[in-house]
Amino acid sequence: MSKKNPTALRGHIACALAYLIFGFNIVVSKNMANSDILSPMDLFCLRAIVSASLFWFLSLFISKEKVEKKDLLNIFAASILGLYITQITFLKAITMTTPMDASILASLSPIMTMFFAALFLKEPITFLKVLGVLLSFAGALLLITNSLGVGNVVENTSIQGALLMLCNSMAFALYLGIFRPLIIKYSVVTYMKWMFLFTVIVSVPFNITALVNIEYSVMSTRYLWELAFLTIISTFVAYLLIPIGQKYLRPTLVSMYSYIQPIVAVLLSVLSGLDVLGWQKIVASLLVFGGVAIVSKSRSANINVMKQ
């Protein structure tokens with residue numbers, strides 16, 4: 001088997017685009033979650049409803065794929081970890097944490113993913129993988145601690161907010177580390193349409209009263225555009241891209257693309273005049289991408305998709 005896997009490029013592009021979207025999502029979600037218009041649960045339910053509708057609509061135009069009953073139960077569990085717990089904890093945590101603290105806690109996800117993938121999927125923990133993860137983690141910490149010091153709305157991070165953010169990172173790391181066999185087995189659209197359907201089932205009925213009483217007329221045009229971005233781009237599009245990355249790359253490498261998020265946050269701060277681009281940020285960004293490059297060279301980084 002050749003060590004080179006040209007199809008892995010698809011995975012790298014998909015993950016890079018998805019986490020680039022997630023980087024913008026942090027800013028948009030924080031603005032919306034801190035408003036008095038929609039609660040975090042309202043936002044979550046709307047994301048689930050819109051994405052479930054779009055994935056089921058998209059499934060009408062592809063070959064029908066039957067999902068085994070035992071796999072439906074596993075996909076339900078995946079939806080709880082990868083969507084329900086992950087998104088709920090994130091939307092609640094960003095209202096109770098500073099951007100710096102939230103970013104630091106989120107940076108633990110690749111390290112957790114590496115160990116969960118080794119535990120559940122027997123993915124080898126190689127020297128290159130450990131080196132790359134630690135290098136990117138160091139770059140992320142350097143970037144975060146030298147940024148976002150100006151203009152923070154939240155002065156302090158509560159213990160509850162920190163625990164929710166930690167729970168968020170752990171839930172998504174578990175999701176990446178456990179459910180790759182399901183993602184490889186089915187098409188992305190088939191997998192995600194069931195994921196979001198289950199998410200709607202376990203969330204919307206408990207929030208139906210609030211949803212039917214949402215007053216869209218009081219929302220500004222900017223808020224409606226942010227809502228459209230949140231439900232369509234940062235949910236439907238991003239969660240269409242993530243499984244593509246999971247098909248071609250190992251969980252640890254997929255998770256490492258989360259380090260793009262603080263880079264996006266820094267760039268937004270620089271462009272908005274809240275921060276300046278110094279040598280520390282340049283070095284930190286190089287460390288992040290250098291770590292990703294090292295992990296991608298690890299013998300367990302890419303998946304041989306020719307077997308599928």
Side-chain angles (χ1 to χ4, degrees), residues 14 18 21-22 25 29 33 38-93 109 112-113 116-117 120-121 164 167-212 214 227 230-247 251 254-255:
I21 292 171
F22 287 151
N25 179 60
S29 294
L38 295 174
S39 69
M41 180 57 77
D42 293 338
L43 290 172
F44 171 74
C45 288
L46 289 174
R47 295 177 75 173
I49 292 170
V50 171
S51 293
S53 301
L54 290 174
F55 274 114
W56 278 89
F57 177 74
L58 190 58
S59 71
L60 298 176
F61 302 95
I62 64 173
S63 300
K64 291 187 177 180
E65 192 175 16
K66 185 177 180 180
V67 179
E68 296 179 25
K69 291 182 179 179
K70 64 180 179 67
D71 286 337
L72 284 175
L73 184 61
N74 290 329
I75 293 176
F76 173 78
S79 72
I80 297 299
L81 269 180
L83 291 177
Y84 187 82
I85 295 177
T86 300
Q87 289 195 20
I88 286 293
T89 52
F90 172 75
L91 288 169
K92 287 185 176 294
S109 184
M112 295 178 185
T113 302
F116 288 144
F120 295 107
L121 299 177
L164 283 171
C167 181
N168 168 270
S169 296
M170 185 173 295
F172 200 64
L174 277 168
Y175 166 70
L176 291 176
I178 294 175
F179 295 104
R180 182 173 64 84
L182 272 179
I183 296 165
I184 293 176
K185 186 174 182 179
Y186 298 105
S187 71
V188 171
V189 174
T190 297
Y191 177 73
M192 294 310 300
K193 77 176 187 179
W194 284 105
M195 281 268 289
F196 276 101
L197 177 62
F198 288 137
T199 304
V200 169
I201 291 173
V202 299
S203 61
V204 172
F206 302 100
N207 200 50
I208 190 66
T209 302
L211 290 174
V212 298
I214 291 176
L227 184 60
L230 190 69
T231 55
I232 298 173
I233 305 299
S234 68
T235 309
F236 172 69
V237 174
Y239 279 91
L240 180 65
L241 292 169
I242 286 292
I244 295 175
Q246 288 175 282
K247 278 184 176 290
V254 172
S255 182

Minimum heavy-atom separation for [X] and [Y], please, with both atom names.
{"X": "Thr89", "Y": "Cys167", "result": "CG2-SG, 4.0 Å"}
{"X": "Lys247", "Y": "Ile184", "result": "NZ-O, 3.5 Å"}
{"X": "Lys185", "Y": "Glu65", "result": "O-OE2, 3.9 Å"}
{"X": "Ala173", "Y": "Met112", "result": "CB-CB, 3.6 Å"}
{"X": "Pro251", "Y": "Leu121", "result": "CG-CD1, 3.8 Å"}
{"X": "Ser255", "Y": "Thr113", "result": "OG-OG1, 3.2 Å"}

Side-chain touch [X]/[Y], heavy atoms, less than 4.5 angstrom:
{"X": "Met192", "Y": "Val188", "result": "yes"}
{"X": "Ile85", "Y": "Phe172", "result": "no"}
{"X": "Phe116", "Y": "Leu176", "result": "no"}
{"X": "Ile62", "Y": "Ser187", "result": "yes"}
{"X": "Phe179", "Y": "Leu182", "result": "yes"}
{"X": "Leu174", "Y": "Phe120", "result": "yes"}
{"X": "Leu46", "Y": "Ile214", "result": "yes"}

Nearest 0.5 Å, please: how far is [atom2] in [Y] from [atom1] in [X]?
{"X": "Ile80", "Y": "Ile88", "atom1": "CD1", "atom2": "CD1", "value": "10.5 Å"}
{"X": "Thr190", "Y": "Lys64", "atom1": "OG1", "atom2": "NZ", "value": "11.5 Å"}
{"X": "Asn25", "Y": "Thr235", "atom1": "CG", "atom2": "OG1", "value": "6.5 Å"}
{"X": "Leu227", "Y": "Leu38", "atom1": "CG", "atom2": "CG", "value": "6.5 Å"}
{"X": "Leu241", "Y": "Ile21", "atom1": "CG", "atom2": "CD1", "value": "5.5 Å"}
{"X": "Glu68", "Y": "Ile75", "atom1": "CD", "atom2": "CD1", "value": "10.0 Å"}

Is it true that a side-chain atom of [X] and a backbone atom of [Y] form a donor plus acceptor pair closer than 3.5 Å?
{"X": "Lys92", "Y": "Pro40", "answer": "no"}
{"X": "Thr86", "Y": "Leu81", "answer": "yes"}
{"X": "Ser203", "Y": "Cys45", "answer": "no"}
{"X": "Ser51", "Y": "Phe236", "answer": "yes"}

What do the steps show when you test Phe44 against Tyr84 for ring pair (Phe, Tyr, Trp, His ring centres under 6.0 Å), and what is the final call?
CA-CA 8 Å; Phe44 171 74; Tyr84 187 82; 5.4 Å; yes
Report the relative orientation of the aromatic rings in Tyr191 and Tyr175; use parallel for angles under 30°, tilted for 30 to 60°, perpendicular for over 60°.
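Ring orientation, 0 to 90° scale: parallel.
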According to the interplanar angle, ranging from 0 to 90°, do the rings of Phe198 and Phe76 count as parallel (below 30°), tilted (30 to 60°) or perpendicular (above 60°)?
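Perpendicular.
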Just to verify, what does Asp42 make a salt bridge (Lys or Arg N to Asp or Glu O under 4.0 Å) with, not counting sequence neighbours?
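Here no residue qualifies.
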I want to know whether Phe55 and Tyr239 have ring centres closer than 6.0 Å.
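Phe55 vs Tyr239: aromatic centres not under 6.0 Å.
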Would you say the side-chain atoms of Ser169 and Ser109 include a donor-acceptor pair closer than 3.5 Å?
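No, Ser109 and Ser169 have no side-chain donor paired with an acceptor closer than 3.5 Å.
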